[in-house]
Amino acid sequence: MAQEKPDSVVRLLSCALHRIRTTPPRVIASPATQPRRAAVAIIIRVVPPPNTIPVAADTPLPTLNQFFELDWVKDPLACPEFLLLRRDGAGPSDAVPGRASAFQNFTGDGTWKSSGKAGAHVAFPGGRTEEGDEGGLYTAMRQTWEEIGLDLAERDFLCIGQLDDREITTSLGKRLLMILSPFVFLQLTPNPLPTDPTDGTTIHWVPLATLASAVLPGHIGDKMNAKSRWSSVTVDAASRLTPRRAAILKILVRVLIGSMQFPAILLDLPESDAISGSSTGSPAALQNSRSYPPLTQDKLEKGFTATKPLSGKNRNKSRHQLKLWGLSLGMTLDLMATMIPPTSLPSPAGLNKQPTSQDLHKVALPSLHLPFHPVGGEGMRIDAVAPSLASVFPRFSYPDVNFWIWVFGKRYREVVRGWEASVRDGGSNVRRVNWSGTALNTFYAAVRKALLVVLLLRAVGVLVGLVFAGWWVFA
């Protein structure tokens, strides 16, 4: 049922952070054969309106509950944002979180492969856990400091909690490479903080309203442009399935298999705000201001102004777009999924009776608005149980490849249906069972079988064609 009054992004953010704060994450233990781990930082701030009264530096810091009761946070012009990095000189196959030096071989779908052509991608700050790190939280804070010069250990930030761990595998999920842990941080103060990004790295503060309008249009009242914010990223399948220097084999696989497509969200970045990371405002200029003066201080911090988003004809003026996709999009969708307001289950059996299993299955699971479905997952609620998985599963350019993935995806569909049933029932299996890892493994097992069948059928077709051509010539 549609809500009578749209929710504000600040209210949805409050719902999300309180949910993350009180919900223990699903932690995946590293196997003895692969102890490697990594961590990233998802940093959120609320930009106050331009006319906000400056906050004194010695003002006591609020708790999480008190933060969302502050006047400058509740102001209708307050703009919640989250931090993304744009790294130049890294190919599409590197579009995942972490420093380029630490993640230079990651692919956008959460797998591992050699890097491609130079380009730009957006990701969260983070990197691999090194010897001496006290844990994933320490790794995320250390990597953020090393990469952009932002100290998350300062009093301005509060660690909200951790999202579920996720597995990073080789191409097509053959081998586990590491476990990735995302941590969520909130800036408690309205003061702009100085940053010092490394060369080739640009900081972008992206309004959460941009993502909410794409995946939660029913909650913020913007249903018109939800699909227009979605795009796709095309990746050469040969770069994932063949050795790096096998040029002839790459051409052959490219002809036989085609390419893979991954969903992406378009991020609108006004040209006036797309300042290079090397032109960071000096600390001396920043420390003289304790709040955001109108339209100036925010630009020095390479963020977005606290004005209302552009609409109509002005939407396409003076802007360029970046694509958020792959593993970074998956973690973002997991964050956005926590913003869905909880729904209450009506009890048709009476006030004194608990809802039955049939009642639970009649209620629609709350989910994000995703205009895509993974291959072989049509009709299933993968968008409700794991939106991050729906974003990293590829769709191939050749329809017969997708068909064979569906044919061999019976086990994958059984896993997703079991996961959905566990979520509906609210049992302990939701947190205890590694549903995402099982779904990922079964899906890529179907992909491997499908690719093998497609290659065999292609080979048989070529042989039959050659035999027929030879018979026709010599006959």
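Residue numbers start at 1 and run along the sequence shown. Excluded from the calculations below are hydrogen atoms, water molecules and symmetry mates; all remaining heavy atoms, backbone and side chain alike, are included.
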At what distance, to the nearest 0.5 angstrom, does [atom1] of [X] lie from [atom2] of [Y]?
{"X": "Arg26", "Y": "Leu163", "atom1": "CZ", "atom2": "CG", "answer": "11.0 Å"}
{"X": "Leu188", "Y": "Arg45", "atom1": "CG", "atom2": "CZ", "answer": "14.0 Å"}
{"X": "Trp145", "Y": "Thr195", "atom1": "CH2", "atom2": "OG1", "answer": "10.5 Å"}
{"X": "Leu150", "Y": "Ile43", "atom1": "CG", "atom2": "CD1", "answer": "5.0 Å"}
{"X": "Ile168", "Y": "Ile179", "atom1": "CD1", "atom2": "CD1", "answer": "8.0 Å"}
{"X": "Phe396", "Y": "Gln261", "atom1": "CZ", "atom2": "CD", "answer": "11.0 Å"}

Quick one, [X] and [Y] - any side-chain contact, counting heavy atoms below 4.5 Å?
{"X": "Trp325", "Y": "Ile265", "value": "no"}
{"X": "Met339", "Y": "Leu208", "value": "yes"}
{"X": "Val206", "Y": "Leu322", "value": "no"}
{"X": "Arg395", "Y": "Asn402", "value": "yes"}
{"X": "Thr201", "Y": "Arg86", "value": "no"}
{"X": "Ile203", "Y": "Leu85", "value": "yes"}
{"X": "Thr210", "Y": "Phe82", "value": "no"}

Set of side chain to side chain contact (heavy atoms under 4.5 Å, CB included) partners for [X], sequence neighbours left out:
{"X": "Thr63", "answer": "Asn65, Gln66"}
{"X": "Ser14", "answer": "His18, Phe68"}
{"X": "Thr22", "answer": "none"}
{"X": "Arg21", "answer": "Leu64, Leu158, Ile160"}

For the residue pair [X] and [Y], what are the closest heavy atoms and their distance?
{"X": "Ala39", "Y": "Gly136", "value": "CB-O, 3.2 Å"}
{"X": "Glu147", "Y": "Gly126", "value": "OE1-N, 3.7 Å"}
{"X": "Gly258", "Y": "Ala237", "value": "O-CB, 3.3 Å"}
{"X": "Tyr398", "Y": "Ile257", "value": "CD1-O, 3.2 Å"}
{"X": "Gln162", "Y": "Pro182", "value": "CG-O, 3.2 Å"}
{"X": "Ala264", "Y": "Lys323", "value": "CB-CB, 4.1 Å"}

(message) I'd like to know whether Leu137 forms a side-chain contact (heavy atoms from CB on, under 4.5 Å) with Cys159, so could you lay out the CA-CA distance, the side-chain angles of the two residues, the decisive distance to 0.1 Å, and finally the verdict.
(response) CA-CA 9 Å; Leu137 177 60; Cys159 180; 3.6 Å; yes
According to side chain to side chain donor-acceptor pair (under 3.5 Å), who are the partners of [X], at least two apart in sequence or on a separate chain?
{"X": "Asn441", "answer": "none"}
{"X": "Arg254", "answer": "Asp236"}
{"X": "Asp400", "answer": "Arg458"}
{"X": "Ser232", "answer": "none"}

(message) Could you check whether atom CZ of Phe67 has more than 12 heavy atoms from other residues, nucleotides or ligands sitting under 6.0 Å from it?
(response) yes
(request) Determine yes or no for a side-chain-to-main-chain donor-acceptor pair under 3.5 angstrom, with Thr23 supplying the side chain and Ile20 the backbone. (result)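 Judged by distance alone, no pair lies under 3.5 Å.
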(message) When you measure from the side chain of Arg229 to the backbone of Ala214, do you find a donor-acceptor pair of N or O atoms at a distance under 3.5 Å?
(response) no
(message) Restricting to salt bridge (charged side-chain N to carboxylate O under 4.0 Å, His left out), what partner residues turn up for Asp165, sequence neighbours left out?
(response) Arg37
Name the atoms and distances for all side-chain donor-acceptor pairs under 3.5 Å in residues 70-77, with sequence neighbours left out.
from  : atom 1 : to    : atom 2 : distance (Å)
Asp75 : OD1    : Leu77 : N      : 2.8

(request) Scan for side-chain hydrogen bond (donor to acceptor under 3.5 Å, both in side chains) pairs involving residues 151-160, sequence neighbours excluded, and state none if there are none. (result)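 Residue pairs with at least one partner in residues 151-160: Asp156-Thr189.
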(message) Once salt bridge (charged side-chain N to carboxylate O under 4.0 Å, His left out) is applied, what residue pairs with a partner in residues 324-337 remain, sequence neighbours excluded?
(response) Arg166-Asp334
(request) Could you tell me whether Phe185 and Phe157 have their ring centroids closer than 6.0 angstrom? (result) no
(message) By the definition side-chain hydrogen bond (donor to acceptor under 3.5 Å, both in side chains), identify the one residue from Arg128, Arg142, Gln143 that meets it with Asp133.
(response)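 Testing each of Arg128, Arg142, Gln143 against Asp133, the sole residue satisfying side-chain hydrogen bond (donor to acceptor under 3.5 Å, both in side chains) is Arg142.
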(message) Apply side-chain contact (heavy atoms from CB on, under 4.5 Å) to residues Trp230 and Val215 and explain how you reach the verdict.
(response) CA-CA 10 Å; Trp230 285 95; Val215 299; 3.5 Å; yes
(message) By the definition side-chain contact (heavy atoms from CB on, under 4.5 Å), identify the one residue from Leu333, Leu267, Leu329, Leu335 that meets it with Leu211.
(response)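 Of Leu333, Leu267, Leu329, Leu335, side-chain contact (heavy atoms from CB on, under 4.5 Å) with Leu211 is met by Leu267 alone.
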(message) For a side-chain contact (heavy atoms from CB on, under 4.5 Å) check, start with the C-alpha distance between Leu180 and Leu327, then their side-chain angles and the critical distance, and finish with the verdict.
(response) CA-CA 10 Å; Leu180 179 64; Leu327 191 58; 3.6 Å; yes
(message) Would you call the rings of Phe443 and Phe393 parallel, tilted or perpendicular, taking 30° and 60° as the class edges?
(response) parallel
